[in-house]
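Just so we're on the same page: letters track the sequence lines, and every chain starts at 1.
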2 protein chains.
Amino acid sequence: MQTKFESKLDHIRLHYKMWMEDSSGTGILGDGKWKMLKLIEEKGSMKAACDELGYTYRRTWGNLKKIEDFFGFPLLEKHRGGAEGGSTQLSPEGKRLVAAFDRFHADMDMVIQKGFFTFIQTLRS
Amino acid sequence: MQTKFESKLDHIRLHYKMWMEDSSGTGILGDGKWKMLKLIEEKGSMKAACDELGYTYRRTWGNLKKIEDFFGFPLLEKHRGGAEGGSTQLSPEGKRLVAAFDRFHADMDMVIQKGFFTFIQTLRS
DNA sequence: CATGGATATGCATAAGAAAACATATCGTTA
DNA sequence: TAACGATATGTTTTCTTATGCATATCCATG
């Protein structure tokens, strides 16, 4: 055993969250909404996406409204009625936003894991 | 105006949190405890640090206990009694842990800000 | 050896977020 | 044109987590 920390280091798991707020502190985009937007696009439906992620429709609807309220234009194209009851997909802007965050998130995943590895090594030696 | 996003981009602020958990999901170290540990060392007292950060002593005490319970050795050297009532400072292990997290956090601050800048630029062009 | 002020810790309460519940609306299709 | 299923949104309940409160303990110093 090198340092007192040694025996515990393997049991430490890193987590992180990134999110964006407007100047009043309202949450605009974070991991939760990001995943939700992606899944909505995949499923073609808010309800289906909520069911899969285990979120309540009510909450999701409110959260997504915040983003659109902030930007002032829709990120989602929602349709009501029809045989399927309705459907939802990303607007072109929604797609752009998600794609940008995809990239950002992928980059950060990489550097943060690397930084964490260094952190653990520091405590080890 | 280049894209629909343009007028809002200046009002978006990035936030992030990093924290570590043990395998049962108990929070070990994160921004809150990290800042608290640093301030305790600076002030030489848990109470003084809590007052400055606006945290309740009760909560802080409980949070710090979790870390020490996880590691199984003290990160703080606490002293009760005396003219000053008591005092607290970091143990050598506490200092090591804080120093390692300092470095980690500084590195991440840099890359995340850089990544965020790129994210905004992506939406701008 | 009495005092003061910080540490130590249980417990009761309040605040805030999420879940649950309830209903209305919409519009395509059978 | 009746019905179905998803979107839309207000209201209530639940739960987690922080806060507040109370009280005990400790011990260098005057």
Among C:dT7, D:dT7, D:dT19, the nucleotide that comes nearest once only the side chain of A:Y57 is considered: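 Looking only at side-chain atoms, A:Y57 lies closest to D:dT7.
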
Proximal nucleotide (of C:dA8, D:dT19, C:dC21) relative to the B:K78 side chain: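 The listed nucleotide nearest to B:K78's side chain is C:dA8.
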
Strictly below 4.0 Å: does [X] bring a side-chain N or O up to OP1 or OP2 of [N]?
| X | N | answer |
| --- | --- | --- |
| B:T88 | C:dA6 | no |
| B:S45 | C:dT7 | yes |
| A:S87 | D:dT7 | no |

[X] [atom1] to [N] [atom2]: how many Å, rounded?
| X | N | atom1 | atom2 | answer |
| --- | --- | --- | --- | --- |
| A:M46 | C:dC26 | CE | C1' | 15 Å |
| B:K33 | D:dA18 | NZ | C1' | 13 Å |
| B:R59 | C:dG10 | CZ | P | 18 Å |
| B:L53 | D:dT19 | CG | P | 12 Å |
| A:K66 | C:dA18 | NZ | P | 8 Å |
| B:K65 | D:dA18 | NZ | C1' | 18 Å |
| B:W61 | C:dG5 | CH2 | P | 23 Å |
| A:I40 | D:dA6 | CD1 | P | 14 Å |

query: Which sits closer to the 5' end of DNA chain D, B:N63 or A:K47, going by the nucleotide each is nearest to?
result: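 Nearest nucleotide further toward 5': that of A:K47.
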
query: Starting at the 5' end of DNA chain D and moving along, which residue's nearest nucleotide shows up first, A:G85 or B:R58?
result: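 Comparing both residues, the 5'-ward one is A:G85.
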
task: Using only heavy-atom distances, determine whether the side chains of B:D31 and B:Y16 contain a donor-acceptor pair under 3.5 Å.
output: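 Judged by distance alone, the side chains do not pair up.
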
task: State yes or no: are the ring centers of A:H15 and A:F116 separated by less than 6.0 Å?
output: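 Ring centres of A:F116 and A:H15 not closer than 6.0 Å.
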
field: Given B:K78, B:H79, B:K43, B:K95, the one that forms side-chain contact (heavy atoms from CB on, under 4.5 Å) with B:Q89
entry: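 Of all the options given, the one that passes is B:H79.
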
Which part of the nucleic acid, if any, lies within reach of [X] when heavy atoms closer than 4.0 Å are counted: base, sugar-phosphate only, or nothing?
| X | answer |
| --- | --- |
| A:G86 | sugar-phosphate |
| B:G81 | base |
| B:Y55 | nothing |

query: So, for A:P74 and A:S91, which heavy atoms are closest and what is the spacing to 0.1 Å?
result: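 So the two residues come closest at O-OG, 2.9 Å.
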
query: When the nearest nucleotide of DNA chain C is assigned to A:G54 and to B:H79 on a heavy-atom basis, which residue is associated with the more 5' position?
result: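 The residue whose closest nucleotide sits nearer the 5' end is B:H79.
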
- request: Check whether the side chain of B:R80 and the base of C:dG5 form a donor-acceptor pair under 3.5 Å.
  value: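 Answer is no: no donor-acceptor pair is held.
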
task: Report yes if some heavy atom in the side chain of B:F5 is under 4.5 Å from a heavy atom in the side chain of B:I120; otherwise report no.
output: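 Side chain of B:F5 against side chain of B:I120, heavy atoms only: no contact under 4.5 Å found.
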
